Amino acid sequence: MPPSYTDDQIVYAVRDGLIIPAQLDRMAQGMIDLVNKTRAAMSIDNYRFDVDAHDEVAHQAAIESIVMLKNDDAILPLNADPVANPSATPQKIAVIGEFARTPRYQGGGSSHITPTKMTSFLDTLAERGIKADFAPGFTLDLEPADPALESEAVETAKNADVVLMFLGLPEAAESEGFDRDTLDMPAKQIALLEQVAAANQNVVVVLSNGSVVSVAPWAKNAKGILESWLLGQSGGPALADVIFGQVSPSGKLAQSIPLDINDDPSMLNWPGEEGHVDYGEGVFVGYRYYDTYGKVVDYPFGYGLSYATFEIADVAVAKTGANTATVTATVTNTSDVDASETVQVYVAPGKADVARPKHELKGFTKVFLKSGESKTVTIDLDERAFAYWSEKYNDWHVESGEYAIEVGVSSRDIADTVAVALDGDGKTQPLTEWSTYGEWEADPFGAKIVAAVAAGEAGELPKLPDNAMMRMFLNSMPINSLPTLLGEGGKKIAQFMVDEYAKLSK
């Protein structure tokens with residue numbers, strides 16, 4: 001039996017006599033490779049890794065993952081941390097939501113791991129001596145609301161200067177093995193948010209979820225919104241660092257947040273029919289679709305607020321090869337807060353032979369800047385940054401022409417656009433009588449032959465009609481269809497073109 005084979009849409013692999021889906025085979029091989037990498041360290045007698053050092057890595061990763069979506073009236077950062085703000089009058093804080101006590105720190109199903117440590121937000125407050133009143137508000141399931149928990153949460157909110165509401169998706173709402181059919185959070189959480197906001201207008205929502213949730217339906221009830229995703233074992237300290245201003249949030253959205261699930265192009269094909277789902281959106285996935293077709297979104301791809309403000313200037317592009325370039329820009333921190341900004345580079349193709357997105361993210365870099373500091377960032381774009389996968393060539397293909405280079409801080413917040421002209425990779429396919437007249441014109445050899453036909457250099461051949469309607473027909477039809485338009489003369493033109501091409505392309 002061969003090492004792999006395909007049955008309908010599923011690729012299988014044969015390993016040690018067992019037939020398993022190739023995706024599982026790749027996962028298994030990855031785990032084996034990981035074990036082999038750690039074998040040397042684990043073979044050392046009495047070897048112990050540094051638990052605290054690993055936890056600090058998780059802490060820093062969590063800090064940089066948090067995305068601030070909203071910060072009206074500069075409600076964040078709070079001043080209740082006696083270490084970060086020793087001279088400030090502490091705010092009275094209410095913490096509402098079971099996620100603050102029982103964090104959802106990882107995905108569901110087979111992604112489960114056992115952390116070396118686990119520090120919730122409430123644990124962190126206790127460790128740092130920050131006082132706060134807590135009410136769970138709801139249970140981490142999809143069961144109906146508990147009126148007693150809701151009443152307790154509302155009373156807790158009434159007595160606070162600021163309310164931190166920890167909302168999100170319980171594991172029962174998203175996991176492997178099933179698809180979500182809504183972007184909404186559980187209704188009981190939204191209802192509780194409305195009740196709390198009616199009792200206290202200073203609400204900050206902290207989200208816990210593996211993939212995006214709808215924000216627009218409830219955003220009016222919150223002055224601040226932090227999208228924290230699933231932060232891992234050190235999520236509590238990371239959230240505290242951001243909420244109390246020890247660091248500025250610097251995360252950026254890796255997914256657009258749509259206004260409605262039906263705005264997503266996949267909805268045309270999902271959940272499929274008769275056991276099949278077509279990936280009908282092709283390359284127009286996520287922001288590539290929303291931006292290309294001008295769809296309104298709640299928050300665009302790459303979006304993320306900061307406690308600081310930044311300015312991007314002096315954007316330039318330099319061609320470094322036939323199909324490569326380097327982009328430079330100067331980033332300035334225009335605020336009195338030390339913080340990081342992520343500079344994003346999008347490539348927008350010009351006229352193309354295939355359908356391509358309006359632009360695509362092809363490079364980014366995060367730069368830390370002290371208050372008032374400026375730095376020049378450099379982002380290299382290789383040939384793949386300009387290429388698309390060509391079915392015709394069964395390979396990546398770079399077309400010649402001008403490309404727009406957009407530099408900004410989200411897919412819809414572009415600071416400046418510059419252009420670069422590329423040579424293209426020169427890929428061509430042999431021309432035949434089945435190639436369209438337009439394909440002949442686009443080919444280096446074919447263009448010379450088309451020019452010879454148009455100039456009457458082809459002897460006694462009839463002259464092609466020169467008008468817009470005829471050119472429209474010619475560009476999309478194979479040259480062996482010329483007899484349909486011109487009779488015997490068209491046949492002679494087609495034969496002349498094929499013969500001349502054979503001479504030139506030797």
Side-chain angles (χ1 to χ4, degrees), residues 65-76 96-97 99 104 137-138 142 145 150 153 157 162-170 173-174 179-230 239 242-243 249 251-268 270 281 284-306 358 408-413:
S65 299
I66 297 169
V67 183
M68 185 161 67
L69 299 179
K70 185 178 181 180
N71 195 27
D72 288 358
D73 300 333
I75 192 169
L76 293 175
I96 295 174
F99 289 109
R104 182 163 175 246
F138 53 83
L142 301 179
E150 291 183 329
V162 180
V163 179
L164 298 175
M165 285 203 70
F166 284 71
L167 308 177
L169 297 177
E174 59 174 357
D179 294 321
R180 289 170 61 190
D181 57 11
T182 179
L183 296 183
D184 296 335
M185 290 188 295
K188 65 181 178 184
Q189 294 186 35
I190 304 304
L192 178 62
L193 171 60
E194 293 174 351
Q195 295 175 56
V196 168
N200 191 321
Q201 62 179 354
N202 294 319
V203 177
V204 175
V205 169
V206 181
L207 294 172
S208 295
N209 46 288
S211 56
V212 297
V213 294
S214 296
V215 174
W218 51 263
K220 63 181 181 296
N221 295 310
K223 285 188 176 181
I225 303 173
L226 291 178
E227 174 57 271
S228 71
W229 310 108
L230 306 180
L239 282 168
V242 169
I243 289 171
K252 301 289 184 175
L253 286 179
Q255 288 181 275
S256 306
I257 301 180
L259 290 168
D260 187 278
I261 191 173
N262 292 305
D263 291 338
D264 192 275
S266 65
M267 294 303 293
L268 292 173
W270 181 85
E281 62 269 37
F284 294 96
V285 176
Y287 76 92
R288 297 170 180 83
Y289 168 75
Y290 297 129
D291 291 359
T292 301
Y293 292 98
K295 296 292 184 181
V296 177
V297 296
D298 200 4
Y299 294 97
F301 175 84
Y303 176 90
L305 298 177
S306 169
K358 175 184 177 181
V409 293
S410 83
S411 73
R412 297 198 177 181
D413 189 352

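When a residue number appears, it is its place in the shown sequence, counting from 1. Values in this document were obtained by computation on a predicted structure and should not be read as measured data.
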[X] and [Y]: which non-hydrogen atoms are nearest, and at how many Å?
| X | Y | result |
| --- | --- | --- |
| Ile96 | Gly137 | CG2-CA, 4.5 Å |
| Asn200 | Ala157 | ND2-O, 2.9 Å |
| Ala145 | Glu150 | CB-OE2, 3.3 Å |
| Lys70 | Ala222 | NZ-O, 2.8 Å |
| Tyr289 | Phe284 | CB-O, 3.3 Å |

According to side chain to side chain contact (heavy atoms under 4.5 Å, CB included), who are the partners of [X], at least two apart in sequence or on a separate chain?
| X | answer |
| --- | --- |
| Asp181 | Trp270 |
| Ser306 | Ser248, Ala308, Phe310, Ala339 |
| Ala198 | none |
| Leu142 | Pro170, Ala172, Ala173, Pro186 |

Could you go step by step and tell me if Leu69 and Leu253 meet the side chain to side chain contact (heavy atoms under 4.5 Å, CB included) rule?
CA-CA 9 Å; Leu69 299 179; Leu253 286 179; 4.0 Å; yes
So [Y] and [X], do their side chains get closer than 4.5 Å, heavy atoms only?
| X | Y | value |
| --- | --- | --- |
| Ile225 | Leu207 | yes |
| Ser208 | Phe99 | yes |
| Pro258 | Leu183 | yes |
| Ser228 | Ser65 | no |
| Val206 | Ile243 | yes |
| Asp263 | Val297 | no |

Quick check against the 3.5 Å criterion: does Ser256 have a side-chain atom that pairs as donor or acceptor with the backbone of Pro300?
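No, Ser256 side chain to Pro300 backbone: no donor-acceptor pair under 3.5 Å.
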Side-chain (Lys252) to main-chain (Gly304) donor-acceptor, under 3.5 angstrom:
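Yes; judged by distance alone, with no hydrogens or angles, the pair exists.
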Residues two or more places apart in sequence or in another chain: which of them pass ring-ring contact (aromatic ring centres under 6.0 Å, His included) with Tyr290?
none
Write out all pairs satisfying salt bridge (Lys or Arg N to Asp or Glu O under 4.0 Å) with one or both partners inside [range], taking only residues at least two apart or from two chains.
| range | value |
| --- | --- |
| residues 187-198 | Asp141-Lys188 |
| residues 204-229 | Asp73-Lys223 |
| residues 286-304 | Arg288-Glu360, Asp291-Arg412 |

Would you please name every residue forming a salt bridge (charged side-chain N to carboxylate O under 4.0 Å, His left out) with [X], sequence neighbours left out?
| X | value |
| --- | --- |
| Glu174 | Arg104, Arg180 |
| Asp184 | none |
| Lys358 | none |
| Asp179 | none |

One pair to check against side chain to side chain contact (heavy atoms under 4.5 Å, CB included): Val163 and Asn202. What are the steps and the verdict?
CA-CA 6 Å; Val163 179; Asn202 294 319; over 6 Å; no
Could you go through Val213 and Leu167, starting from their C-alpha distance and side-chain angles, then the distance that decides it, and tell me whether this counts as side chain to side chain contact (heavy atoms under 4.5 Å, CB included)?
CA-CA 11 Å; Val213 294; Leu167 308 177; over 6 Å; no
Is it true that atom CD of Gln201 has more than 12 heavy atoms of other residues, nucleotides or ligands lying nearer than 6.0 Å?
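Counting neighbours around CD of Gln201, 12 or fewer heavy atoms of other residues, nucleotides or ligands fall under 6.0 Å, so no.
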Between [atom1] on residue [X] and [atom2] on residue [Y], distance to nearest 0.5 Å:
| X | Y | atom1 | atom2 | answer |
| --- | --- | --- | --- | --- |
| Asn71 | Leu305 | CG | CG | 7.0 Å |
| Phe301 | Ile257 | CZ | CD1 | 12.5 Å |
| Asn209 | Met185 | CG | CE | 8.0 Å |
| Leu259 | Asp264 | CG | CG | 12.5 Å |
| Ile261 | Thr182 | CD1 | OG1 | 6.0 Å |

Side chain to side chain contact (heavy atoms under 4.5 Å, CB included) between Trp229 and Val212, intermediate numbers included:
CA-CA 8 Å; Trp229 310 108; Val212 297; 3.9 Å; yes
